[in-house]
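Data first, discussion second: the structure below is written as C-alpha cells.
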Amino acid sequence: MLDIRSIRQEPDVFKRKLGRKGISPTVIDDLLAADEAWRTALAEVERLKALRNATSEAIAQKKRNKEDASEDIARMREVGGQIQTLDEKVREHDAAVRDMLLALPNVPHDSVPAGESEADNPVLRTWGDIPKFQFTPRAHFEIAEELGIVDTERAVKITGSRFVLYKGLGARLERALAAFMLDLHVDKHGYTEMFPAFIANEDSLVGTGNLPKFGDEMFKLEGLPYYLIPTAEVPLTNYYRDEILSADDLPVKFAGYSSCFRSEAGSAGKDTRGLIRLHQFQKVELVNLCLPEHSYAVLETLTRECEAVLEALELPYRRIEICTGDLGAKDAKKYDIEVWLPASNTYREISSCTNFEDFQARRANLRFRRSDTSRPEFVHTLNGSGLAVGRTVAAILENNQEADGSVRIPKALVPYMGGIERMTK
RNA sequence: GGAGUGAUGGCCGAGUAGGUCGAAGGCGCUCGCCUGCUAAGCGAGUAUACGGUCAAAAGCCGUAUCGAGGGUUCGAAUCCCUCUCACUCCGCCA
C-alpha cells in the first residue's frame, strides 16, 4: 500500500512512477478526489463531536449543580443524529479510499529498467558451464519416471492433476534439498530457521498483498476465513505484523521451509508434465526485514544468498532483472534467478528476490523505532526463494543425467543422501 | 466436542448505582539532580492513529482508541446484543 499523504503532496511524482507500470494518471486523480471528500466529511463530523463532548461536559456540570439541562440535551439529541449520518458518510469515503489504495501497485524503483514484458528483462549475469551431452538430454519427468522416483499417475488418482508424489530416492532428494538449503542459510548466511503453519488468515494475506486482489490464485478453506499459503513469505513476513520493533532488532532474517499452494498453476496450460508447475510444491523462503536505507543493499545480499545454493549444487544459472512491464504489483525491484534446463534448452525461473520497500510493511503495520523516543517508521521487507525445491530436483535430474539414465548427485548433497552418489534404475 | 473464566496503556494492575477516565497505583523506560563510580534516592516526562494548523519539523488544536463490531443514552472502560481470541477442567486425538 502506498502512503496517501505522500500522494497528496506529490501527485505528479506518483503519476509518473505508476505510469511506468501502466497505471493511468486519472487513477491518482480519482483517488485524491475521494480523499478530499473523506477529509471534508471527517472535519465536519469531528467538529460536531467536539461540540457534543463540550456540551456533555456542561450537562454533567449542570446536573451536579442541580440545574436544568434539558435544553442542552434536546440540542444534543439532534446533533447526535447528524453525527450518525455523517459518520456513515465518513466510513463510506474512507472505505473507498482504502479500496483504491489497496488496489494500487507499488511504485517501481527508479533503477528498474523500462520494458513491456518478460522479453525485455535484461540478463545481468550468468554462472556455470552449460553441460554438453553426447546424447539428446531427456526431460526431467522422463528421467524421474524411469528411475521410479516420482509417481505422477498415482498422484493424480489420489488427488488430481498438477500434483505429484515423490517416492523412494525422489522423496529422499526432496528432503535432502530442503535440509541442505536450510543448513546453508542458517549456518552460513545467519538466518533464523522457521517452520510455519501452512494455513494463514485473511489479515496475514492482506498484509503481504495477496488479498484483496489475488484471492483466486489461492486455495481457500471452505467456510473458513483461512487460505493455504502460496509461499512461506506470508507467515514469515506477518510474524511481526502490528508490532513495533526496535532498530536493534533489525535486520531480521527468517528462513522458512513450507509447502506452497497455488490454485492458478493449472490455468496456463503449459508445463503440464513434470515438476515445474504444480498446485503444491515445496520451497525454502528467505524473508528479510531491515532499515529503509539498507533495503537495496540487502536485496543484493539476499540474491547472492539464493544464488549460493545453485553454486553449491553446481547448477548453471543466470540472473535477470524484472522490467517495469513484468514487475509484480507488490514489487519495487525484483531479480529472478533462472536455472539451466537442458531438455528444454532454456533457463527457467527457480527463485525471485524482491524488495517491497514499505509496501507490505504499511499493509501489515510492521514498524520499528530508531530510538526509544523517536516515532515509529515502517520497515522495509524483502524476500527471495532459496530455492524452490521441485524445480531444483528437475534441474539436478536434467543437468546431471548420464547416457545410461542414471543421475549424479551433486557433491554437496551426498551427505544428505546417506552417501548415495548416483541414482540408477 | 462439553463446562467455565477472562480480555484495560511497553508490562503488571485499579476502575460496575454511566458524567472532569487516555484512564489511579506500581514496574519499566527517557531526561535531569544527587553520589568518587554503580546501586539506592529525588524531580520531570513517558501511547497510537487520523484530521487541522505550519513551507516542513516541533508545537498547538481536534477526533478516535479500555479485544472487535453493533445498540441504548445528551454522555459508555462502565449497561445490552453479536463475534473473536486466550486460559482452565472434562472428552477425543498424532
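Labels below follow one simple rule: chain letters A, B, ... track the order of the sequence lines, proteins then strands, and each chain is numbered from 1.
- In this structure, the ring of A:His380 has its center no less than 6.0 angstrom from the ring center of A:Tyr296.
- Under 3.5 Å, the side chains of A:Tyr335 and A:Glu300 contain a donor-acceptor pair of N or O atoms.
- Nucleotide B:A55 has no partner under the Watson-Crick or G-U criteria, as no pair reaches both atom distances under 3.5 Å.
- Pairing partner, B:A24: none, since no Watson-Crick or wobble contact has both distances short of 3.5 Å.
- Among the heavy atoms of the strands lying under 4.0 Å from A:Ala50 are primed sugar atoms or P, OP1, OP2 only; no base atom is included.
- When the C1' atom is compared between B:A24 and B:U82, the two are found 32 Å apart, to the nearest whole Å.
- A salt bridge between A:Glu92 and A:Lys89 is absent, with no side-chain N of the basic residue lying under 4.0 Å from a carboxylate O of the acidic one.
- Base pairing of B:G45 is made with B:C29, judged by Watson-Crick or G-U wobble geometry with both donor-acceptor distances under 3.5 Å.
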- Please report the C-alpha distance between A:Asp68 and A:Lys62 in whole Å, then the side-chain angles of each, then the deciding distance to 0.1 Å, and finally whether the salt bridge (charged side-chain N to carboxylate O under 4.0 Å, His left out) criterion is met. CA-CA 7 Å; A:Asp68 178 41; A:Lys62 285 184 179 172; over 6 Å; no

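- Aromatic rings from A:Tyr239 and A:Phe254 are positioned such that their centres are separated by under 6.0 Å.
- Here B:G91 sits opposite no nucleotide as a Watson-Crick or G-U wobble pair (both hydrogen-bonding atom distances under 3.5 Å).
- Taking a pair to require two hydrogen-bonding distances under 3.5 Å in either a Watson-Crick or a G-U wobble arrangement, B:C34 remains unpaired.
- Chain A approaches RNA chain B over the interval B:G19 to B:G75, counting the first and last nucleotide 5' to 3' with an atom under 4.0 Å from its heavy atoms.
- Residues A:Arg370 and A:Glu293 are paired through a salt bridge, judged by an N-O separation under 4.0 Å between the basic side chain and the carboxylate.
- Across all strands shown, A:Arg47 has no heavy atoms under 4.0 Å from either base or sugar-phosphate atoms.
- In this structure B:G18 sits in no base pair that meets the Watson-Crick or G-U test at under 3.5 Å.
- Pair check for B:U82 finds B:A68; Watson-Crick or G-U wobble, both atom distances under 3.5 Å.
- Base pairing of B:C50 is made with B:G62, judged by Watson-Crick or G-U wobble geometry with both donor-acceptor distances under 3.5 Å.
- Annotation: of the two residues near RNA chain B, A:Glu57 and A:Asp35, the 5′-most nearest-nucleotide partner is A:Glu57.
- Side-chain contact check for A:Gln61 and A:Glu67: no donor-acceptor pair (N or O, by modelled atom type) lies under 3.5 Å.
- Taking atom C1' on both nucleotides, B:C37 is separated from B:G45 by 26 Å, rounded to a whole Å.
- Positionally, the nearest nucleotide of RNA chain B for A:Arg369 lies more toward the 5' end than for the other of A:Arg369 and A:Ile59.
- At least one cation-pi condition fails for A:Lys330 and A:Phe359: the charged atom is not both under 6.0 angstrom from the six-membered ring centre and inside a 45 degree cone around its axis.
- Between the P atoms of B:A68 and B:A76, the separation comes to 15 Å (whole Å).
- For the C1' atoms, the distance linking B:G9 with B:G15 amounts to 14 Å, nearest Å.
- Contact annotation for A:Leu42: backbone-only contact, meaning every heavy-atom pair under 4.0 Å involves sugar-phosphate atoms and none involves a base.
- Remark: the separation of the C1' atoms in B:U20 and B:A77 is 16 Å, to the nearest Å.
- Taking atom C1' on both nucleotides, B:G32 is separated from B:C50 by 34 Å, rounded to a whole Å.
- Between B:G75 and B:G13, the distance separating the two C1' atoms is 27 Å to the nearest Å.
- Rounded to a whole angstrom, the distance from the C1' atom of B:C80 to that of B:C87 is 26 Å.
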